[in-house]
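All of these numbers come straight from a predicted model, not from anything done at the bench.
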Amino acid sequence: MMHTSSRVFFLLLCSFISVVSLSIAGSRNQLILVNNCNVTVWPGILGGAGQAHPGRGGFRLGRGEEVVLNVPSGWSGRIWGRQGCCFDESGKGWCETGDCAGMLHCMGTGGTPPATVVEMTLGTSKSALHYYDVSLVDGFNMPVSMLPVGGGIGCGVAACEVDLNICCPSMLEVKREGRVVGCKSACLALKSAKYCCTGDYASPKTCKPSLFAHLFKAICPRAYSYAFDDSSSLHTCRSSRYLITFCPPPK
């Protein structure tokens, strides 16, 4: 166990670590990641099966900073924010939320729930539509949004812009040193097929939103609240640039 004084010193050292290489060859689309939070965020990035992991899968994004990721057509994956992270010079450490096996560069490892996740499947020359959403299926750790830059055809805003940690039911809370840093999904907290939409509940007909999902939806109507919340949460678009903002201004 690290003593408090040593941990504070270690955290101070962590603020100087950053990532340099953030591009993928043959890119045709841009994802612009902006940190609008009042603290540092460490984005985690996981490419889909057979897909590359932009930014080596994770990096430091200081308060007010932005990073442009160039990604190829047809790229699919998920992006989430990690908070309260500390890494040494070799990129090993930990995060309070969204941790990916204690590594700065996730490189194929997903984030530990609860985490607010941006999901997307970008179009190709044969199928031009891009699909994207903000999901609370894995719970919530910070507000985030995704929208096209400069508009686009048939586009919308995917977002959870409110801090759900403030109103998280006590049974779903994740705390660190007395602070609520995350809000579990009903699936994660109760570990039941009924809430996870698995087994006998693995279809839209049998899996219905729980009271917790209704709460999430009421506060964040533009985000997935449970597994089959497609109709109001999945967005389609034709645009070459997208803005992903951590802690976006509430609308």
Side-chain angles (χ1 to χ4, degrees), residues 43-51 53 75-83 95 97-101 106 108-123 127 129-146 156-175 180-237 244:
I45 307 171
L46 177 66
Q51 300 278 356
H53 312 297
W75 187 82
S76 65
R78 45 177 32 203
I79 297 174
W80 67 98
R82 294 173 287 170
Q83 288 182 308
C95 295
T97 63
D99 188 70
C100 57
C106 298
T109 302
T112 301
T116 318
V117 178
V118 179
E119 303 172 312
M120 71 194 75
T121 298
L122 301 182
S127 180
L129 279 180
H130 300 175
Y131 297 85
Y132 57 96
D133 66 81
V134 167
S135 174
L136 304 177
V137 174
D138 287 339
F140 172 94
N141 69 328
M142 70 174 69
V144 67
S145 66
M146 178 172 174
V157 177
C160 182
E161 297 153 326
V162 179
D163 187 358
L164 285 176
N165 291 333
I166 296 175
C167 53
C168 181
S170 58
M171 68 181 301
L172 304 183
E173 291 178 344
V174 174
K175 292 185 176 182
V180 178
V181 297
C183 190
K184 296 178 182 179
S185 65
C187 171
L188 183 63
L190 302 175
K191 302 184 186 304
S192 165
K194 178 179 179 180
Y195 296 108
C196 296
C197 297
T198 57
D200 292 339
Y201 297 90
S203 75
K205 290 184 178 180
T206 57
C207 190
K208 302 301 180 182
S210 65
L211 290 175
F212 301 117
H214 281 301
L215 173 64
F216 286 177
K217 196 66 177 179
I219 300 173
C220 291
R222 295 188 288 189
Y224 264 82
S225 60
Y226 79 111
F228 295 110
D229 190 14
D230 296 294
S231 61
S232 61
S233 307
L234 183 63
H235 296 271
T236 58
C237 188
I244 297 172

The reported gap from CZ in F212 to SG in C187 (rounded to nearest 0.5 angstrom) is 12.5 Å
Under a 4.5 Å cut-off applied to non-hydrogen side-chain atoms, are C237 and Y132 in contact?
yes
Output the distance between atom CG (L164) and atom CG (L136), rounded to the nearest 0.5 Å.
6.0 Å
Beyond-backbone contact of T116 with V134, side-chain heavy atoms, under 4.5 angstrom
yes
Check: S185 side chain, D138 main-chain N or O, donor-acceptor pair, under 3.5 Å:
no
Spatial distance of atom CD1 (I219) from atom SG (C183) [nearest 0.5 Å]:
8.5 Å
Return the minimal non-hydrogen interatomic distance between V117 and R78, and the atom names on each side.
CG1-CB, 3.5 Å
Can you check whether L46 reaches W80 side chain to side chain, under 4.5 Å on heavy atoms?
yes
Checking D133 side chain against A158 main chain: does a donor-acceptor pair fall under 3.5 Å?
no
Heavy-atom closest pair, residues G182 and C168:
O-SG, 4.4 Å
Tightest non-hydrogen contact, residues C207 and Y201, listed as CB-O, 3.0 Å
Please answer whether the main-chain N or O of G123 pairs with a side-chain N or O of H130 as donor and acceptor at a distance below 3.5 Å.
yes
If you compare all heavy atoms of C106 against all heavy atoms of I45, which two are closest, and at what distance to 0.1 Å?
CB-O, 4.4 Å
Evaluate the side-chain proximity of I79 to I244: yes if any heavy-atom separation is below 4.5 Å, no if none is.
yes
Kindly indicate, with the supporting measurements, whether the criterion side-chain hydrogen bond (donor to acceptor under 3.5 Å, both in side chains) is fulfilled by K217 and S233.
CA-CA 10 Å; K217 196 66 177 179; S233 307; 2.8 Å; yes
Flag the pair R82 / C100 as yes when at least one side-chain heavy-atom distance between them is below 4.5 Å, and no otherwise.
yes
Identify the heavy atoms of G98 and A115 that sit nearest to each other, and give their distance.
CA-CB, 4.4 Å
How close do Y226 and K208 get, counting heavy atoms only, and between which atoms?
CE1-C, 4.0 Å
Roughly how far apart are N165 CG and M142 CE, rounded to 0.5 Å?
9.5 Å
State the CD-CE distance between E119 and M146, to the nearest 0.5 angstrom.
11.0 Å
To the nearest 0.5 Å, what is the distance between SG (C220) and CZ (F140)?
6.5 Å
If you count the non-hydrogen atoms of other residues, nucleotides and ligands that lie under 6.0 Å from OH in Y195, is the total more than 12?
no
